[in-house]
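Report on the following structure.
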Amino acid sequence: MIKEVLEKTEALEEKIQALLAEEEKTEEIKVLQEEKKKLLDSCKDLEPGDRVFLARHPRRPHVEDFVSALFTDFFEQKGDHLYDEDRSIYGGIARFHGRPVTVLGHRKGRTVEENLSCNFGMTCPEGYRKAKRLMEQAEKFDRPIITFVDTPGAYPGLEAEQHGQGEAIAKNLAFMSSLHVPVIAVVTGEGSSGGALGICVANKILMLENAIYSVLSPEGFATILWKDSSRAAEAAKVMKLTAKDLKEANVADEVVPESLGGAQDDPESLYKALDQILEKTLAYYEGMSRHEIRKDRLSKFRNI
């Protein structure tokens with residue numbers, strides 16, 4: 001359903017923008033805006049399959065957008081200092097409301113060229129080792145860590161396995177469990193499998209309203225369980241992978257609201273809401289000792 005609604009609303013928006021450029025026909029613009037609003041109102045109660053579609057929407061805000069909107073003085077850091085630079089992990093040092101933080105996340109890219117160079121957000125061992133390097137630095141200099149999760153899964157290719165994919169993710173899980181600085185993970189789109197968990201062992205897990213977080217993709221679930229990937233929408237219901245489901249299960253700590261029709265329709269309101277939640281969450285850890293911060297994270301995962 002959501003796909004057809006978005007196609008219609010995008011067509012209406014193009015007409016509205018064309019009329020606005022002419023600076024005339026205000027009545028016609030009002031009619032089109034009302035029609036668009038009615039279509040978006042139908043998106044209030046979405047099925048899990050619809051949220052999967054929105055989580056994967058190509059115009060959804062990506063990690064670079066969040067970094068630009070929420071942080072200042074961002075300084076990108078590259079390479080794992082062992083073998084290579086993996087562009088599917090984007091990260092560095094920045095300031096959040098004047099406070100130094102380490103920020104990193106999965107990068108998918110927007111154009112075909114960027115998609116290929118970022119491996120569609122599927123991270124290789126070098127990317128996870130780069131993420132660990134940035135987090136080690138954050139631990140040394142007592143900087144909070146904020147991660148943005150958006151991946152269909154870790155890269156499953158032969159080369160990644162040869163370079164130690166499982167070992168790289170496992171080391172990240174162990175290291176993040178032992179950190180003495182607060183870690184806040186924000187699931188912005190897809191959060192699938194160990195590829196997501198590799199940067200998501202956090203004190204607090206925030207999820208955008210139309211994000212998903214699961215052990216694998218609905219298509220993979222349907223293929224394994226029913227030998228039929230076309231039943232992905234049915235699998236999405238069974239998997240309980242939406243932000244609402246995971247908040248009820250106490251996996252996600254807070255759901256960040258999105259505009260009707262998805263974050264791509266009004267990213268500015270999303271950035272504002274997320275900024276407030278991040279500021280509140282970081283303030284929660286201000287008075288805690290390093291030991292208490294680590295204990296808080298361990299307690300969260302033991303409770304899960």
Side-chain angles (χ1 to χ4, degrees), residues 1-7 42-63 88 105-110 115 118-124 147-157 160 165-166 169 173 185-202 205-258 260-265 270 304:
M1 179 196 78
I2 190 66
K3 183 178 180 180
E4 291 76 14
V5 170
L6 290 184
E7 286 173 353
S42 67
C43 301
K44 286 180 179 176
D45 297 310
L46 296 176
E47 292 290 322
D50 293 326
R51 297 199 188 275
V52 172
F53 176 83
L54 287 175
R56 296 170 174 171
H57 197 286
R59 290 198 296 109
R60 193 171 180 80
H62 288 185
V63 61
S88 72
H106 297 106
R107 174 165 55 185
K108 287 182 172 179
R110 292 206 181 278
N115 291 154
C118 297
N119 217 21
F120 296 87
M122 293 186 290
T123 302
C124 292
T147 71
F148 292 90
V149 179
D150 186 15
T151 179
Y155 183 60
Q165 183 70 287
I169 293 174
L173 305 187
V186 186
V187 185
T188 62
E190 292 181 275
S192 292
S193 191
L197 196 58
I199 61 168
C200 205
V201 181
I205 297 175
L206 314 179
M207 287 186 69
L208 271 55
E209 187 178 353
N210 293 310
I212 58 172
Y213 189 34
S214 59
V215 67
L216 79 170
S217 69
E219 291 82 2
F221 183 99
T223 299
I224 292 169
L225 206 63
W226 303 314
K227 313 300 181 190
D228 184 1
S229 63
S230 68
R231 295 174 66 180
E234 184 182 348
K237 289 183 180 180
V238 175
M239 293 172 75
K240 303 293 184 184
L241 45 62
T242 68
K244 181 184 176 184
D245 290 330
L246 293 164
K247 177 71 168 64
E248 290 173 357
N250 293 321
V251 174
D253 296 283
E254 197 148 357
V255 177
V256 185
E258 297 184 30
L260 289 175
Q264 73 284 348
D265 197 56
L270 170 67
I304 290 172

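In what follows, residues are counted from 1 in the order of the sequence shown. What you are looking at is a predicted structure, and each value in this text was computed from that prediction instead of being measured.
- Contact check for Pro61 versus Thr188: no side-chain heavy atoms found under the 4.5 Å cut-off.
- Residues passing the side chain to side chain donor-acceptor pair (under 3.5 Å) test with Arg107, sequence neighbours excluded: none.
- A search for side chain to side chain donor-acceptor pair (under 3.5 Å) contacts involving Asp265 returns nothing, not counting sequence neighbours.
- Closest approach of Val63 to Phe148, counting heavy atoms only: CG2-CB, 4.1 Å.
- By the salt bridge (Lys or Arg N to Asp or Glu O under 4.0 Å) test, Arg59 is found to be paired with Glu10, residues two or more places apart in sequence or in another chain being considered.
- Applying the side chain to side chain donor-acceptor pair (under 3.5 Å) test to pairs two or more places apart or on separate chains, those with a residue in residues 213-222 are Arg56-Glu219.
- Here the closest non-hydrogen pair linking His62 and Asp150 is CD2-OD2, 4.4 Å.
- The structure places CG of Asp50 at 10.5 Å from CG of Asp45, a figure rounded to the nearest 0.5 Å.
- Partners of Asp253 by side chain to side chain donor-acceptor pair (under 3.5 Å), not counting sequence neighbours, listed by chain and number: Lys300.
- Here the straight-line distance linking atom CD1 of Ile205 with atom CG of Asn250 works out to 11.0 Å at 0.5 Å rounding.
- Between Leu270 and Leu208, the shortest heavy-atom distance links the atoms CD2-CD2, 3.7 Å.
- Listed by first and then second residue, the salt bridge (Lys or Arg N to Asp or Glu O under 4.0 Å) pairs that reach into residues 228-240 are Glu47-Lys237, Arg231-Glu234, sequence neighbours excluded.
- Nearest heavy-atom pair, Ala222 versus Ser229, reported as atom, atom and distance to 0.1 Å: CB-CA, 4.1 Å.
- The shortest distance between side-chain heavy atoms of Leu46 and Leu54 falls below 4.5 Å.
- Scanning for side chain to side chain contact (heavy atoms under 4.5 Å, CB included) contacts around Val215 gives an empty result, with sequence neighbours left out.
- With sequence neighbours left out, the side chain to side chain donor-acceptor pair (under 3.5 Å) criterion links Glu248 to no other residue.
- You'll find the side chain of Leu197 stays beyond 4.5 Å of the side chain of Ile169, heavy atoms only.
- Partners of Arg60 under the salt bridge (Lys or Arg N to Asp or Glu O under 4.0 Å) rule, at least two apart in sequence or in another chain, are Glu258.
- Qualifying side chain to side chain contact (heavy atoms under 4.5 Å, CB included) partners for Pro152, counting only residues two or more places apart in sequence or in other chains: Lys108, Met122, Glu190.
- Gln165 and Cys124 make their closest contact through OE1-C, 3.7 Å (heavy atoms, listed as atom of the first residue, atom of the second, distance).
- Thr151 contributes no side-chain N or O that, together with a main-chain N or O of Gly195, makes up a donor-acceptor pair within less than 3.5 Å.
- Shown here for Val149 and Ala196, the closest heavy-atom pair between the two residues is CG1-CB, 3.6 Å.
- Remark: Leu216 pairs with Phe221, Ile224, Met239 by the side chain to side chain contact (heavy atoms under 4.5 Å, CB included) rule, at least two apart or across chains.
- Under the side chain to side chain contact (heavy atoms under 4.5 Å, CB included) criterion, Thr123 pairs with Asp86, Ser88, Ile89, His106, Tyr128, sequence neighbours left out.
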